[in-house]
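Take a look at the structure set out below.
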Amino acid sequence: MGRVEVEVQGTWGTLCASRWDLLDAHVLCHHLGCGFAVSVPEGGHFGRGTGPVWSDSFHCEGTESSLDHCPVTALGASPCSHENDAAVICSGPPHNASLRLVGGGSRCDGRVEIFQRGTWGRVLDDQWDMEDASVVCRQLRCGEAEAAYTVPRAERGTGPVGLRGVRCAGHEASLSLCNTSLPEATAIMEDVGAVCQGSRQVRLVDGAGRCAGRVEIYYRGQWGTVCDDAWDTADANVVCRQLSCGWAVEAAGSAHFGEGSGHIWLDGVNCSGDETALWNCSAEAWGQHDCGHKEDAGVVCSEFMALRLENSDGCSGRLQVFYNGTWGSVGSNSMTPHTAKLVCKELGCGDGGSREISIFYGRVNGTAWLDHVQCGESNSSFWQCPSDPWELQSYDDVRDEANITCNGRKPERTPVAACPNSTSCTDREKIRAVGGKDGCSGRVEVWHRGSWGTVCDDSWDMQDAEVACRQLGCGPAVSALAEAAFGEGTGPIWLEQVECRGTEPSLQACWARTGDGGACRHKEDAAVNCLAATSVTASPPQTGNISH
């Protein structure tokens, strides 16, 4: 236990408690060989540190081997003092009869192992039940037991056996206090597992960033979606707050971020907005629903960020960031040369760039989100760079805004040849949607070199689908679908790794690789659902290219 300190380029500094949570703490405790995180005390619990207070925010899932493997952001962070230094209390190193759960999606679900005589060993049983699992969950401080199971053959352990046969009443404080002096079993003993309430998680998927996407919940060891029946901003706010992503900018429905798969865990969610977790809201019983995945709920949170350069080539122009649901410029004050390099790297526009500085006054209308962005050699991503805090401000002089020109260009756009029965065809004639009920949903196919071919789903997202739907004359995109959602096509795969900004008039105007490299198969054919084929009215913000 103690104050959290991190070394950066030879200098030790503290972290801010307001940007530090239990999942981050779990990773640190595990890395230090100190078990798991019992709690994250209030800032300054272990006294004030010295030196810098780093502005980094870690976004750990809790299963990483060290903080180095967690995503990090620092851009726009508010100032923090040593009075708010982050702290952690770990469970301590393993001792005799310590337990752990391995192979699951969190520290609170998986196969049971026990620490005996200096090594971790498997737990085998022939009558493993909820009473036994309840003791495991209690000992690990993981809440109530949700499931007790025998581990499938493919997931069984291979190490030594630490405990063979156990009978618990369910109230014991640790597994070692249960009855382990059992008569020789006649049944086959197998590896056992437990799922505890503390394993529940929420995530946002297919939204080009951790703070936007389809809502998915980890329950009883499996990921599943949430139905959009009655889904609103109050529900979305709970998800955003739970993920430390601010508040909800948009509560999306009708598989806005594509259809999920597997279970639909929750339906009829009705949050007040004050709940600490989505599963604390009023809803139908787990797994009870009358929905299909075409009704999967989604969220865009205020902390969702994106980056773009405004010119049509995407590699030069005014620098803008997307934050809190709107695009804003970036101020040029004190901007370091390394900042331009990282911007270009993020956007796939080469490995370097420079600020364009005008000596003439020019009036500009609009708002800016950031100023004093100072990327250094230690920053590997634009999002890790220190800057002033997020704050909307107005500029009226073009010289106050950052304009960047990158030294690279995206590869030449893939041309598409003439369409059927035409020597000069329109963009609309170069695309079709196949396999849906109408021409506004289905597998995306484009005309090239005299034949129709498909588009690979590598990097296929809502920005690409938005362009395809517009080109089809079908309005905004509802979902970007992958893995041959409308069946496998035949013939060539003309495009792969399509990277649209979302504003292009056609897929052919987007950057893409030709599909003749053999990297894709028709089981990866991309598809779309467009507004004209559904009753959806919501659409996501245009996000450009992002990196976290």
Side-chain angles (χ1 to χ4, degrees), residues 71 203-216 225 245 249-250 252-261 293-294 296-301 304-308 314 322 325 327 346-348 383 410 413-414 431 433 440-446 454-472 474-486 493-513 515 519-520 523-531 534 536 538-548:
R203 68 183 181 186
L204 298 176
V205 180
D206 292 341
R210 71 177 192 89
C211 291
R214 181 176 62 254
V215 180
E216 293 191 352
T225 63
C245 285
V249 172
E250 179 182 356
S254 300
H256 198 84
F257 293 98
E259 295 185 17
S261 59
H293 282 296
K294 65 182 179 180
D296 285 342
V299 176
V300 178
C301 303
F304 172 65
M305 298 180 289
L307 182 68
R308 72 182 182 188
F322 186 87
W327 286 102
E346 294 282 349
L347 296 175
W383 310 109
K410 295 179 181 179
R413 296 165 181 167
T414 305
I431 189 171
C440 291
S441 65
R443 180 177 62 254
V444 177
E445 295 190 356
V446 295
T454 62
V455 177
C456 182
D457 64 11
D458 285 355
S459 77
W460 184 254
D461 60 18
M462 284 295 293
Q463 292 138 263
D464 308 322
E466 191 78 20
V467 174
C469 289
R470 186 184 308 114
Q471 188 177 355
L472 286 164
C474 294
V478 175
S479 56
L481 307 175
E483 298 178 347
F486 283 88
I493 299 173
W494 283 133
L495 298 175
E496 65 182 61
Q497 291 188 335
V498 178
E499 295 283 357
C500 298
R501 297 171 65 200
T503 57
E504 295 87 347
S506 67
L507 283 181
Q508 290 82 4
C510 301
W511 179 84
R513 295 188 187 279
C520 296
K523 66 181 180 179
E524 301 169 84
D525 284 344
V528 293
N529 276 321
C530 305
L531 177 64
T534 70
V536 176
S539 61
Q542 299 302 321
T543 57
N545 296 319
I546 81 155
S547 176
H548 283 288

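Please read all numbers here as calculations on a predicted model, not as lab measurements.
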Grab the two heavy atoms, one from [X] and one from [Y], that are nearest each other, plus how far apart they are.
X	Y	result
Cys301	Leu204	SG-CD1, 4.1 Å
Ala482	Asp457	CB-OD2, 3.3 Å
Cys245	Arg210	SG-NH1, 3.4 Å
Glu504	Arg470	O-NH1, 2.7 Å
Val205	Phe257	O-CB, 4.1 Å
Arg443	Phe486	NH1-O, 3.2 Å

Rounded at 0.5 Å granularity, tell me how far [atom1] in [X] sits from [atom2] in [Y].
X	Y	atom1	atom2	result
Asp525	Lys523	CG	NZ	11.5 Å
Trp383	Glu346	CH2	CD	7.0 Å
Glu445	Leu495	CD	CG	12.0 Å

ask   = For Glu524 and Glu496, what are the C-alpha separation, side-chain angles and deciding distance, and is it a side chain to side chain contact (heavy atoms under 4.5 Å, CB included)?
value = CA-CA 10 Å; Glu524 301 169 84; Glu496 65 182 61; over 6 Å; no
note = Hits for side chain to side chain contact (heavy atoms under 4.5 Å, CB included) against Ala468, two or more places apart or cross-chain, chain-then-number order -> Ile431, Trp460, Leu507, Val528
Gamma sulfurs of Cys500 and Cys510 within less than 2.5 Å = yes
task = Evaluate the pair Cys469, Cys440 and indicate whether the two SG atoms are within a distance below 2.5 Å.
result = no
note = Residue set satisfying side chain to side chain donor-acceptor pair (under 3.5 Å) with Ser479, at least two apart, ordered chain then number -> Asn529
Qualifying residues under side chain to side chain donor-acceptor pair (under 3.5 Å), relative to Asp206, sequence neighbours excluded = Arg214
ask   = Would Cys520 and Thr454 satisfy side chain to side chain contact (heavy atoms under 4.5 Å, CB included), going step by step from the backbone distance to the final call?
value = CA-CA 10 Å; Cys520 296; Thr454 62; over 6 Å; no
ask   = Asp461 and Asp464: side chain to side chain contact (heavy atoms under 4.5 Å, CB included), yes or no, with the steps?
value = CA-CA 5 Å; Asp461 60 18; Asp464 308 322; 3.0 Å; yes
